[in-house]
Number of protein chains: 2
Amino acid sequence: MSAAARTEPSTPRRGRPGYDQTAVLRAAVDLFNRQGYEATSMGDLARELGFTKSAIYHHVPSKEHLLRLALDESLDELEAVVAETGADPPAAEGEGGCPAYDRLRSVVRRSVEVLVEHQPAVTLLLRVRGNSPAELRALERRRAIDTRLAELVRASADEGSLREDLPPTLVSRLLFGMVNSLVEWHRPGGEVDATQLAEAVVALAFEGLRTMPASTRSQG
Amino acid sequence: MSAAARTEPSTPRRGRPGYDQTAVLRAAVDLFNRQGYEATSMGDLARELGFTKSAIYHHVPSKEHLLRLALDESLDELEAVVAETGADPPAAEGEGGCPAYDRLRSVVRRSVEVLVEHQPAVTLLLRVRGNSPAELRALERRRAIDTRLAELVRASADEGSLREDLPPTLVSRLLFGMVNSLVEWHRPGGEVDATQLAEAVVALAFEGLRTMPASTRSQG
DNA sequence: CCTACCGATCGGTAGG
DNA sequence: CCTACCGATCGGTAGG
């Protein structure tokens with residue numbers, strides 16, 4: 001995606017076999033998530049990769065660059081979800097698109113899938129505190145996404161599709177707080193199917209966890 | 001509570017007026033939450049408090065001790081919730097206590113109240129990665145609490161009070177993931193009433209967010 | 001509560 | 001002269 005990430009197909013002898021920037025990034029994000037970004041030294045990362053600290057700088061210009069790559073990955077994915085499901089203004093309610101309620105369900109479903117498929121990168125994003133320009137930029141992009149999601153919840157409430165006894169802002173925060181909490185326990189490895197997990201989250205969020213009073217079920 | 005926390009009433013000239021260990025702890029937890037524990041230096045904390053780095057060590061033996069105090073506070077509170085609402089084995093279903101379903105609702109409600117009232121300490125707890133013995137001990141205590149909560153969810157499901165199309169373990173994780181996400185946005189300052197917020201979370205979790213199909217309402 | 005420091009380790013880079 | 005690394009060490013700063 002970025003210029004630094006490309007590998008030349010014509011020069012396959014670049015770097016130790018099996019170690020390109022992507023491999024370093026994957027190992028780094030893994031360590032950052034296990035220990036925290038600040039608590040992870042480049043020495044830790046070098047040990048994990050099996051070569052020296054200096055060798056890392058052949059593949060990547062800085063520690064912060066690794067963080068930036070991971071944050072961009074997760075933000076690109078999440079922004080795509082918001083865009084494709086029409087949380088964007090263009091697909092306003094009543095226009096060409098579906099009702100806000102259906103779009104909200106789609107956003108939740110797709111968000112879960114992104115969180116599962118990009119779990120390491122998204123985990124890092126959700127823990128960013130704003131300690132550097134890169135982190136501050138990520139926080140801004142994330143805030144923009146959250147705002148779009150909150151607007152979609154509000155639109156659904158205005159339609160009358162959502163319960164009216166709770167403020168939409170609160171509902172939005174709790175809903176996506178539940179979705180985001182996935183990264184705390186979900187581990188990559190095909191244990192659970194992403195689509196199936198997404199269906200479960202949607203069902204729980206929209207219908208609640210108590211026994212169903214014989215009403216409408218989802219189209220699972 | 002701990003020996004290090006007591007202040008001698010007979011020596012009022014200890015430290016600068018208005019700055020005891022509790023004040024240092026409060027400022028430290030605040031900074032840890034804003035910047036992350038590892039990213040916060042004792043120098044940062046000194047600047048925040050308005051005196052030198054070394055002066056901090058008059059009030060507290062180490063940076064890690066500040067973390068330990070905060071983690072203990074949050075864990076004590078959360079363990080009390082689990083104990084008082086009978087997620088403990090003693091108050092098994094059908095015995096002297098209420099049904100598991102009611103106890104689960106109480107645990108959720110009380111958890112929200114604890115998260116609101118001890119937000120800084122609980123926030124720190126939820127971000128611990130296990131980078132030191134103190135953090136590992138906290139993770140163990142937290143895991144024990146999570147296990148109790150999962151058992152209570154399972155007991156509710158066994159009663160038939162909860163929907164049966166979702167595994168209790170998943171329900172437990174998502175439910176308390178939503179509850180815990182409160183610390184990400186709730187800021188102390190009386191803006192929202194804790195009891196009111198707890199009712200909202202319980203309602204959303206148990207009844208879902210779509211328009212109610214004219215069924216049972218909570219006793220709000 | 002400060003000045004003056006310590007052993008150790010940080011992220012990053014030198015020459016070869 | 002290059003790529004792909006290594007052993008050693010840089011200037012600064014961490015917790016104490």
Side-chain angles (χ1 to χ4, degrees), chain A residues 3-25 27-29 31-32 34-71 124 129 131-135, chain B residues 4 7-8 11-25 27-29 31-32 34-70 124 129 131-135:
Chain A
R6 88 184 147 202
T7 43
E8 310 291 336
S10 53
T11 57
R13 297 192 294 109
R14 229 174 212 272
R16 189 181 284 183
Y19 288 108
D20 54 357
Q21 196 188 49
T22 308
V24 173
L25 176 60
V29 173
L31 267 183
F32 293 164
R34 290 213 306 269
Q35 307 179 351
Y37 174 73
E38 312 277 351
T40 303
S41 72
M42 293 300 263
D44 293 337
L45 180 54
R47 201 183 317 115
E48 181 84 4
L49 288 166
F51 43 72
T52 63
K53 196 171 57 143
S54 301
I56 294 175
Y57 290 97
H58 173 75
H59 297 292
V60 65
S62 70
K63 183 185 178 186
E64 190 171 350
H65 187 75
L66 287 167
L67 178 61
R68 217 148 37 214
L69 287 173
L71 295 180
L124 215 46
R129 308 307 311 160
N131 291 323
S132 64
E135 294 194 7
Chain B
T7 42
E8 310 290 337
T11 57
R13 294 190 298 109
R14 232 175 212 272
R16 189 180 284 183
Y19 289 108
D20 55 358
Q21 197 189 48
T22 307
V24 173
L25 176 60
V29 172
L31 268 184
F32 293 163
R34 289 212 308 267
Q35 308 180 351
Y37 174 73
E38 312 277 351
T40 302
S41 71
M42 293 298 266
D44 292 337
L45 180 55
R47 200 182 319 114
E48 181 83 6
L49 287 166
F51 42 72
T52 62
K53 195 171 59 146
S54 303
I56 294 174
Y57 290 96
H58 172 75
H59 296 293
V60 65
S62 71
K63 185 186 181 188
E64 191 172 347
H65 187 76
L66 287 167
L67 179 60
R68 214 147 39 214
L69 287 173
L124 215 47
R129 309 306 313 159
N131 291 323
S132 64
E135 293 194 7

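Here is how names work: the chains are called A, B, and so on, in the same order as the sequence lines, proteins then strands, and each is numbered from 1.
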Rounded to the Å, how far apart are [X] [atom1] and [N] [atom2]?
{"X": "A:Ile56", "N": "D:dC5", "atom1": "CD1", "atom2": "P", "result": "12 Å"}
{"X": "B:His65", "N": "D:dG15", "atom1": "NE2", "atom2": "C1'", "result": "16 Å"}
{"X": "A:Glu64", "N": "C:dG12", "atom1": "CD", "atom2": "P", "result": "8 Å"}
{"X": "A:Leu49", "N": "D:dC6", "atom1": "CG", "atom2": "C1'", "result": "15 Å"}

Nearest-Å distance once atom P is located in both C:dA4 and D:dG16: 22 Å
Separation of the P atoms in C:dG12 and D:dA8, to the nearest angstrom: 22 Å
Shortest non-hydrogen contact from A:Leu31 toward A:Leu45: CD1-CA, 3.6 Å
Least distance between heavy atoms, B:Ala70 atom then B:Val29 atom: CB-CG2, 3.6 Å
Counterpart residues, side-chain contact (heavy atoms from CB on, under 4.5 Å), relative to A:Ser54 (two or more places apart): A:Thr52
Pairs where residues 51-70 of chain B contributes a residue and the test salt bridge (Lys or Arg N to Asp or Glu O under 4.0 Å) is met, not counting sequence neighbours: B:Glu64-B:Arg68
Pairs satisfying salt bridge (Lys or Arg N to Asp or Glu O under 4.0 Å), at least one member in residues 34-45 of chain A, at least two apart: A:Asp30-A:Arg34, A:Arg34-A:Glu48, A:Asp44-A:Arg47
Test item: A:Phe32 and A:Leu66 side chains (from C-beta on) under 4.5 Å apart, heavy atoms: yes
Non-hydrogen side-chain atoms of A:Leu25 and A:Val60 separated by less than 4.5 Å: no
C:dC2 OP1/OP2 closer than 4.0 Å to side-chain N/O of B:Thr52: yes
Pairs under 3.5 Å (N/O, protein and nucleotides 9-11 of chain C):
unit_1, atom_1, unit_2, atom_2, d
C:dG11, OP1, A:Thr40, O, 3.2
C:dG11, OP1, A:Lys63, NZ, 2.8
C:dG11, OP2, A:Met42, N, 2.9
C:dG11, N7, A:Lys53, NZ, 3.0
C:dG11, O6, A:Lys53, NZ, 3.4

Range-with-range stems of DNA chain C (Watson-Crick or G-U pairs under 3.5 Å, three or more in a row): none
Rounded distance [0.5 Å steps], OG1 in B:Thr22 versus CG in B:Leu69: 9.0 Å
